[in-house]
Protein chains: 2
Amino acid sequence: MRSHGMRISAARRLVLEALYAADTPISAEQIADGLSGRLPRSDLASVYRNLETLEQLGLVRHCHLGHGPGLYKPTGAREREYLVCDSCHAVSAVAPAEMAAVRALIFERFGYEASFTHFPILGLCAHCARAET
Amino acid sequence: MRSHGMRISAARRLVLEALYAADTPISAEQIADGLSGRLPRSDLASVYRNLETLEQLGLVRHCHLGHGPGLYKPTGAREREYLVCDSCHAVSAVAPAEMAAVRALIFERFGYEASFTHFPILGLCAHCARAET
DNA sequence: ATACTTGCAAATGATTTGCCAGTGT
DNA sequence: ACACTGGCAAATCATTTGCAAGTAT
């Protein structure tokens, strides 16, 4: 982080601590709220500014799993691809390896190097598909 | 439309005309602007209200192809699934049949009945992948 | 006649920007 | 010292809601 000419401040550290403390992607507001009291709160505008900076450095990414606010997560080993149910809105996070065959097929058919880390695959989950009929 | 107990008004007709006149999904604002003068303009709030009503009746759908506003399109025969390039933001619209194998593989692996009509498949298109190196 | 609709204004939610005081290096 | 940051307020963008006046049936 310092290696990018970036300074280390309390607010900055808190953003990263919140992201690493959470086990799912979280919103800027959750970070500013200190994860409901588990960490000190900080200013929402600064959180957004820091998230943007950290994202440009490649330390953070965000995704959109539905119609709510953007959700942020740290980059690195824990990378996940998402499936979200249209009906019950349940989120399934899978390791990229599990998605390899799907990505390969998309590449073969369309020439796209796809990833489902930003936008999820939307669809009916098995449970809701059964319930629909 | 009338069959759902819905009244036919000028504003309502304009929303549908705009959607059918466009050959790609368009934003509520483009509709309210009368497609840059090609149709009469109308009130943005009413456009949103009508889009919501029409969507509940299943006559209209919306999608999110990137970070801009939601984009609306009429339902029916012209249904398309989308791929969007992360780098150049080009949008490819493909007929559902072309995506059948991908959807089948996702179903087999994850039990999801996926569709890429609301959120697109994001990835690097062939051209940008080559350029990135 | 009556309930559904519109248009305008104001509210809301998410995110960004301006500015000046504070602080890391 | 100096440029980089934080906090607070205000601006912006997309969308929703309240309400009085207008209109389809």
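A, B, ... follow the sequence lines: proteins, then strands. Residue 1 opens every chain. Heavy-atom basis, side chains included; hydrogens, waters and symmetry copies ignored. It should be emphasised that the depicted structure is a prediction, and the values quoted were computed from it without experimental measurement.
B:Q30 meets the side chain to side chain donor-acceptor pair (under 3.5 Å) test with B:S27; sequence neighbours excluded. Applying the salt bridge (Lys or Arg N to Asp or Glu O under 4.0 Å) criterion to B:D33, with sequence neighbours excluded, gives B:R41. Every residue was checked against the side-chain contact (heavy atoms from CB on, under 4.5 Å) condition with B:T24, not counting sequence neighbours, and none meets it. Every residue two or more places apart in sequence or in another chain that forms a side chain to side chain donor-acceptor pair (under 3.5 Å) with B:T117 is listed here: B:S115. For B:H127, the side-chain contact (heavy atoms from CB on, under 4.5 Å) partners two or more places apart in sequence, or in a different chain, are B:C125, B:R130.
If you take CG of A:L44 and C1' of D:dC8, they are 12 Å apart, rounded to a whole angstrom. Rounded to an integer number of Å, the gap from A:Q30 CD to C:dT15 P is 12 Å. Note: CG (A:L51) to C1' (D:dG6) measures 14 Å, nearest angstrom. When the P atom of D:dG7 is taken as reference, atom CG of A:D33 falls 14 Å away, rounded to whole Å.
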Each nucleotide N or O in nucleotides 10-14 of chain C that has a protein N or O under 3.5 Å away: list the pair and distance.
none

Please list each protein N or O that sits under 3.5 Å from an N or O in nucleotides 2-6 of chain C, with the distance.
residue : atom : partner : partner atom : Å
C:dA3   : N3   : B:R7    : NH1          : 3.2
C:dA3   : N3   : B:R7    : NH2          : 3.2
C:dC4   : O4'  : B:R7    : NH1          : 3.4
C:dC4   : O4'  : B:R7    : NH2          : 3.2
C:dC4   : O2   : B:R7    : NH1          : 3.3
C:dT5   : OP1  : B:R7    : N            : 3.2
C:dT5   : OP1  : B:R12   : NH2          : 2.4
C:dT5   : O5'  : B:R12   : NH2          : 2.6
C:dT6   : OP1  : B:S9    : OG           : 2.8
C:dT6   : OP1  : B:N50   : ND2          : 3.2
C:dT6   : OP2  : B:N50   : OD1          : 3.3

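Within the structure, side chain to side chain donor-acceptor pair (under 3.5 Å) contacts touching residues 14-23 of chain A (residues at least two apart or in different chains) do not occur. Listed by first and then second residue, the ring pair (Phe, Tyr, Trp, His ring centres under 6.0 Å) pairs involving residues 65-87 of chain A are A:H62-A:Y72, A:H67-B:H62, A:H67-B:H64, A:H67-B:H118 (not counting sequence neighbours).
Checking each of A:N50, A:I26, A:L14 against A:I31 for a side-chain contact (heavy atoms from CB on, under 4.5 Å) leaves exactly one that passes, namely A:I26.
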Practice task
Kindly express the pairing pattern of DNA chain C in dot-bracket notation, using | wherever a base pairs with another strand and counting only Watson-Crick or G-U pairs under 3.5 Å.
Solution key: ||||||||||||||.||||||||.|
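Of the residues near DNA chain D, A:R41 and B:L71, the one whose nearest nucleotide (by heavy atom distance) lies more toward the 5' end is A:R41.
Hydrophobic clustering, defined by side-chain heavy atoms of Ile, Leu, Val, Met, Phe, Trp and Tyr closer than 4.5 Å, leaves A:L124 isolated from every other such residue.
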Show me, pair by pair, the donor-acceptor contacts under 3.5 angstrom made by side chains of residues 93-108 of chain B, not counting sequence neighbours?
residue : atom : partner : partner atom : Å
B:R103  : NH1  : B:E81   : OE2          : 2.0
B:R103  : NH2  : B:P96   : O            : 3.4

Handout entry: Verdict with supporting geometry, A:E113 and B:D86, side chain to side chain contact (heavy atoms under 4.5 Å, CB included)
Key = CA-CA 10 Å; A:E113 291 175 10; B:D86 263 330; over 6 Å; no
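As rounded to the nearest Å, C:dG18 and D:dA14 have C1' atoms that lie 22 Å from one another.
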